[in-house]
Amino acid sequence: MKDINIYAFADEAGRELETQINAMLNNNLQGLEIRSVDGENISDISLAKAKEIRNIMDANGLSVFSIGSPIGKIDLIEDDYSSHLDKFKHSLELAEILGAKHFRLFSFYIHEHKNPDEYKDIAFERLEDFVDISRGRDIILCHENEKGIYGDVAKRCLEIHRAFPEIKAVFDPANFVQCHQDTNEAWDMLKNYVEYLHIKDALSDGAVVPSGKGEGNVKRIIKEYLALGKNNMTVEPHLTVFDGLASLEKTGGKLKNKYVFNSNEEAFECACNALKEIINEVEKNEKN
């Protein structure tokens with residue numbers, strides 16, 4: 001895995017920063033896509049807290065790769081956009097303190113049963129605000145495809161990246177599967193805009209499974225992503241942790257769920273190992 005950088009949403013391993021750092025070190029990761037620390041969302045922490053986190057991360061030889069922000073993850077029409085914009089500005093300051101060069105964001109929730117195309121203009125106005133506010137900063141805005149937002153399927157993601165070349169793509173295979181978007185088609189449409197990958201896989205019923213075990217075509221996407229000369233990935237486990245699994249895992253003699261874990265740390269390790277197995281297989285095939 002030479003020259004491949006693996007980061008993680010380590011808050012899925014544990015709430016406290018210390019637990020997150022241990023999980024990253026135990027799994028030989030390079031750093032963090034920071035989403036929450038000590039139970040507090042990244043967009044809500046103070047500048048002083050960000051400095052403290054940066055010092056601790058530096059001391060452990062880890063970096064903050066990206067701000068896993070909730071920016072753009074509000075209702076396009078009903079929620080307070082003004083305060084959300086203030087949160088975006090604050091989050092950009094946090095990114096600079098933490099040394100993050102990437103900033104994950106979204107393109108706003110649209111009510112179910114509404115036609116997203118009817119909301120394109122206002123969604124784009126707000127994305128333009130994000131671009132304007134971040135201009136001049138040493139940070140790359142990255143749009144994640146997320147179920148229920150304007151840019152949830154490949155067609156509308158492509159519209160965003162063509163309209164805003166400053167906004168790159170975070171490609172999340174599982175999210176596309178959950179939107180019933182074929183990930184091969186999505187990759188072919190978006191690969192030239194992809195800045196980094198979120199490593200997560202899913203089945204057609206929406207259940208998240210270890211990468212390579214679902215319908216996200218994760219192996220093909222990783223292979224072609226690496227072939228493009230790119231090398232940054234974030235593990236996002238989203239795997240089910242079931243309290244008391246040891247005593248209650250069987251119902252009627254059958255396992256309740258094949259991919260259920262006893263602890264957050266166990267689920268996190270499984271997600272990391274699934275990615276490493278795919279990378280090793282890709283590299284092995286490249287040598288043969």
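Cation-pi check for K223 over Y225 is not met; the charged atom does not lie both under 6.0 angstrom from the ring centroid and within 45 degrees of its normal.
Contact of the R156 side chain with the Y150 side chain is registered, since non-hydrogen atoms from C-beta on lie closer than 4.5 Å.
Aromatic ring centres of F103 and F130: separated by at least 6.0 Å. Aromatic ring centroids of H198 and F9 lie under 6.0 Å apart. Ring centroid separation for the pair Y196 and F65 comes in under the 6.0 Å cut-off.
A salt bridge links D58 to R54: one of the charged nitrogens lies within less than 4.0 Å of a carboxylate oxygen. Note on R126 versus D129: no salt bridge recorded, every NZ/NE/NH1/NH2 to OD/OE distance being 4.0 Å or above. Remark: D172 does not engage K147 in a salt bridge, criterion side-chain N to carboxylate O under 4.0 Å.
One N or O on the side chain of K168 and one on the backbone of P165 form a donor-acceptor pair closer than 3.5 Å. Without hydrogens or angle criteria, S36 side chain to G39 main chain gives no donor-acceptor distance under 3.5 Å. Here the side chain of S43 pairs no donor or acceptor atom with the backbone of K87 at under 3.5 angstrom. Between the side chain of R104 and the backbone N or O of C142, no donor-acceptor pair lies under 3.5 Å. At distances below 3.5 Å, not a single donor-acceptor pair connects side-chain atoms of E146 with backbone N or O atoms of D152.
Applying the ring pair (Phe, Tyr, Trp, His ring centres under 6.0 Å) definition to pairs two or more places apart or across chains, none involves residues 27-58.
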Intermediate values then yes/no, side chain to side chain donor-acceptor pair (under 3.5 Å), N232 and E195: CA-CA 8 Å; N232 294 312; E195 180 70 14; 5.3 Å; no
